[in-house]
Amino acid sequence: MSTLRFHAIKKSLKRKPVKIKAEKRRSEIFGQNVFNEAAMRQYLTKTALTSIMGAVEKGTKIDRLVADHISTGMKEWAISKGATHYTHWFQPLTGATAEKHDAFFETIGDGLAIEKFGGDQLVQQEPDASSFPNGGIRNTFEARGYTAWDPTSPAFIYGTTLCIPTVFVSYTGEALDNKTPLLRALQVMDNAAVAICKYFDKNVKKVNASLGWEQEYFLIDSDLAASRPDIVLTGRTLLGHSPAKGQQLDDHYFGTIPNRAMSYMRDLENECMLLGIPVKTRHNEVAPNQFELAPIFEEANLAVDHNSLLMDVMQKIAKRHNFKVLLHEKPFAGVNGSGKHNNWSLSTNTGVNLLSPGKTPMSNLQFLTFFINTIKAVQTHEELLRAAIASASNDHRLGANEAPPAIISIFIGEQLTKVLEELESVSKGKLSPQEKTDLKLNVVGKIPEILLDNTDRNRTSPFAFTGNKFEFRAVGSTANCANPMTVLNTIVAQQLMDFKVEVDELIDKKTMKKDDAIFNVLREYIKTSKAILFEGNGYGDAWEKEAKKRGLSNNKTTPEALKIKIAKSSIDLFESLGVMNKVESEARYEIEMEEYILHIQIESRVIGDIARNHIVPTAVRYQNILIENVTGLKTIYGDKFKDFAKEQLSIIEQISHHIEAINSLVTKMTDARKSLNKQTDIEKKANGYCNKVKSLFEEIRYHCDKLELMIDDELWPLTKYRELLFTK
């Protein structure tokens with residue numbers, strides 16, 4: 001008997017839901033552990049508060065003397081909440097978060113000590129940066145990296161530590177994190193969008209990009225997860241035969257949430273409320289033991305911070321409930337994987353959602369301007385958008401008949417397609433009074449009515465318009481949202497800037513009225529953006545052939561997808577807008593390619609170890625049992641034993657075939673890995689790992705999974721899918 005597996009199953013079946021303390025109203029506890037405006041009003045001077053609000057709303061710098069006042073107030077607030085330490089909380093290019101804790105403690109001589117936290121400690125720190133990915137930005141011996149306070153994302157207390165969101169840059173100023181390029185992109189978007197809004201409303205002074213993420217995840221009993229070396233080391237199952245029942249009955253989706261999972265969700269949501277993460281929605285997802293939670297939309301930088309924090313909090317809360325959270329995009333073969341839909345929109349300081357139609361033709365023309373420019377931006381930079389969601393783990397999900405394909409396209413619905421077709425027919429040059437009237441009354445004016453029943457029913461679209469926002473569905477569940485949000489905001493900002501140049505030129509040189517100029521430019525954009533619009537099924541050869549005709553890229557693997565990041569057009573785009581310089585762009589390419597190689601390398605080692613150290617010995621043990629049985633039958637029946645041992649002999653032969661295949665394939669995979677490790681060209685190395693190492697995973701898995709069906713259940717060492725997915 002496989003002791004570990006059955007011990008884990010026995011423990012998991014005895015679990016009871018963890019009791020959660022009686023919850024207060026969420027509105028009462030929301031943001032209690034956040035140094036938000038309410039806390040600042042209580043602990044800061046008026047000058048300090050005004051300085052912070054100016055930094056948040058206008059991007060003004062905070063004076064170092066004022067920073068001392070802010071740090072004092074922040075320290076007193078944190079200590080009153082039980083905090084003993086502080087940390088600069090940042091997001092290095094590992095995709096995770098990082099922190100180094102220092103105590104509010106300093107000796108002053110004579111055996112005395114005080115709690116101290118000054119402006120210098122608040123504004124900047126110098127963590128050892130030598131072991132974080134840097135893509136060649138600096139040498140290891142030049143270990144200095146600096147974290148600098150981001151006042152637009154409020155400090156918070158987690159446990160007994162005051163966490164201060166920061167950027168992370170090198171000694172020479174290059175970004176070593178995900179936050180810095182995002183902040184730059186959001187600033188560029190703000191400037192570009194405000195300039196366009198001035199066509200419609202002179203009172204607009206600021207535009208914020210908003211983000212609402214939807215986090216999908218699996219909950220697996222911690223002991224069952226610990227019994228699987230592949231889950232422990234890679235976050236997914238590399239082997240395992242599909243159970244007889246999977247998700248085909250759709251009985252889990254939106255079903256009653258299991259008691260243990262519900263207890264976990266309540267605990268997690270309570271922690272989120274204290275941390276100011278506005279989670280609102282929870283439900284069962286399609287696959288067994290798969291769930292989702294989603295928040296209310298927030299400003300994009302804050303939303304990214306909250307999602308990064310959430311992924312960490314989810315794991316910590318899970319331990320209290322004897323769960324393991326699997327955030328991997330494809331932890332189980334044969335059932336749906338997990339994504340993280342990024343719902344993106346733009347809103348003004350006057351309270352207008354720029355991707356939502358209004359009550360007047362003018363507000364609807366503004367909506368169409370941002371709507372069509374976004375489509376044009378994606379059309380122009382679809383490869384860059386694909387690269388933004390590329391990873392070894394997301395490669396398993398994209399195009400797997402459950403998620404968007406690797407081909408980027410936009411779904412806008414039949415009715416909005418008709419609106420664009422009517423706008424496309426606008427005559428070139430100045431519009432006649434009749435044409436303007438028809439447009440404003442019959443086309444533009446009716447958009448709100450059209451959108452009332454324009455729900456998105458195409459679940460295969462990677463980028464879809466869903467009424468008042470665009471939903472980027474191809475983002476992976478493990479991803480840091482900063483990467484796709486940086487790219488999306490950058491390309492749309494660039495497009496808006498190009499649009500303004502064209503409109504102004506028509507107004508100045510052609511003496512056109514503003515509306516005429518806008519309609520003329522939008523008409524041309526509609527004509528040149530048709531290829532990216534797709535209403536059909538995103539799966540299968542038919543769409544791939546059609547996409548190829550349209551000139552759309554189909555980069556199915558991460559090494560293919562990432563190449564666009566170091567193309568001259570991409571480097572020029574980011575550099576011209578000040579989002580990333582050439583060094584930063586090239587560094588990210590190096591880091592992401594290296595990360596891909598390491599992910600495949602680790603999985604290769606794990607699958608080889610499990611196949612040879614777990615599966616093959618178990619198969620030999622079972623084969624020996626069968627051989628003993630056959631030998632016994634021969635002793636009893638003599639030459640007639642074959643009549644009684646036919647099935648046993650067949651299984652013995654099949655086991656031998658699978659063992660031989662496993663050993664041969666693992667040797668081939670190991671040899672390929674050793675050869676590729678000598679390769680110094682990172683592109684060739686990544687492609688080799690993709691095509692020569694990863695390509696063998698499924699073959700090895702096939703033979704291991706066949707053995708799982710043949711070998712005595714009590715001997716099988718790995719916890720099976722039916723146990724992982726259906727133990728509630």
Side-chain angles (χ1 to χ4, degrees), residues 1-15 218-246 288-289 322-324 326 328 330-335 602-629 648 650-670 696-728:
M1 179 183 285
S2 176
T3 307
L4 181 60
R5 174 187 161 209
F6 285 98
H7 179 70
I9 293 169
K10 189 175 181 181
K11 280 191 74 176
S12 67
L13 291 174
K14 291 181 178 180
R15 305 274 198 216
F218 282 82
L219 277 181
I220 305 299
D221 184 87
S222 56
D223 279 283
L224 295 180
S227 72
R228 293 282 308 222
D230 46 1
I231 290 179
V232 171
L233 294 175
T234 72
R236 75 178 182 109
T237 56
L238 297 169
L239 304 170
H241 199 282
S242 297
K245 179 181 182 291
N289 276 351
N322 299 299
F323 276 130
K324 171 76 173 174
L326 301 186
H328 194 286
K330 193 72 174 175
F332 301 101
V335 298
I602 290 167
E603 289 191 348
S604 171
R605 287 173 173 166
V606 172
I607 197 171
D609 288 347
I610 295 176
R612 280 187 165 158
N613 297 333
H614 292 68
I615 307 303
V616 169
T618 303
V620 170
R621 194 177 307 126
Y622 184 58
Q623 194 178 47
N624 287 337
I625 292 172
L626 293 175
I627 289 169
E628 286 180 26
N629 176 262
Q648 293 92 316
S650 173
I651 293 172
I652 289 168
E653 288 179 20
Q654 289 178 58
I655 289 174
S656 292
H657 163 70
H658 291 305
I659 289 173
E660 189 278 328
I662 289 168
N663 281 322
S664 173
L665 288 166
V666 170
T667 299
K668 184 179 177 182
M669 179 180 67
T670 304
L696 296 172
F697 288 6
E698 284 306 309
E699 291 184 67
I700 296 169
R701 179 176 194 146
Y702 170 81
H703 293 286
C704 292
D705 289 357
K706 285 294 182 183
L707 287 172
E708 181 183 331
L709 291 177
M710 299 168 64
I711 291 172
D712 183 351
D713 182 62
E714 291 208 356
L715 293 178
W716 193 252
L718 300 179
T719 304
K720 296 187 176 184
Y721 267 36
R722 67 168 184 260
E723 295 146 1
L724 291 167
L725 291 171
F726 291 97
T727 302
K728 303 298 183 184

Show your working on side-chain contact (heavy atoms from CB on, under 4.5 Å) between F332 and I220 and close with a plain yes or no. CA-CA 12 Å; F332 301 101; I220 305 299; 3.8 Å; yes
K706 vs Q654, test: side-chain contact (heavy atoms from CB on, under 4.5 Å). Steps then yes/no. CA-CA 9 Å; K706 285 294 182 183; Q654 289 178 58; over 6 Å; no
side-chain contact (heavy atoms from CB on, under 4.5 Å) for L718 and I615? Distances and angles first, verdict last. CA-CA 9 Å; L718 300 179; I615 307 303; 3.8 Å; yes
Test log, rule side-chain contact (heavy atoms from CB on, under 4.5 Å), inputs T727 and I9: CA-CA 8 Å; T727 302; I9 293 169; 5.7 Å; no
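Sorted by first and then second residue, the pairs that involve residues 218-231 and meet salt bridge (Lys or Arg N to Asp or Glu O under 4.0 Å), not counting sequence neighbours, are K11-D223, R15-D221, R15-D223, D221-R260, R228-D230. Applying the side chain to side chain donor-acceptor pair (under 3.5 Å) test to residues at least two apart or on different chains, the pairs with a partner in residues 618-628 are Q623-S656.
Note: E699 CD to C704 SG = 12.0 Å, rounded to the nearest 0.5 Å. Within the model, atoms CD of E698 and CD1 of I607 stand 7.5 Å from one another, a figure rounded to the nearest 0.5 Å. Atom CD1 in I610 sits 12.0 Å away from atom CD1 in I662 (nearest 0.5 Å). One distance of note links NE2 of H703 with CG of L239; it measures 12.5 Å at 0.5 Å rounding. Here L665 contributes atom CG and E660 contributes atom CD; the two are 8.5 Å apart, rounded to the nearest 0.5 Å. The structure places CG of N322 at 10.0 Å from OG of S12, a figure rounded to the nearest 0.5 Å.
More than 12 heavy-atom neighbours from other residues, nucleotides or ligands sit within 6.0 angstrom of CZ on F697.
The backbone N or O of P331 sits less than 3.5 Å from a side-chain atom of T237, completing a donor-acceptor pair.
Contact between L709 and H241 at its shortest, heavy atoms only, is CD1-NE2, 3.2 Å. Here the closest heavy-atom approach between residue M710 and residue I655 is recorded as CE-CG1, 3.8 Å. Heavy atoms only, all atoms of each residue included: R701 and A333 are closest at NH2-CB, 3.5 Å. When all heavy atoms of G608 and V666 are compared, the pair lying nearest together is CA-CG1, 4.0 Å. Nearest heavy-atom pair, A619 versus I711, reported as atom, atom and distance to 0.1 Å: CA-CD1, 3.5 Å. Taking all atoms of both residues into account, the shortest heavy-atom contact from P288 to F726 is CG-CZ, 3.6 Å.
Contact check for V232 versus K324: no side-chain heavy atoms found under the 4.5 Å cut-off.
Between the side chains of S227 and T719, a donor-acceptor pair is found at a separation under 3.5 Å.
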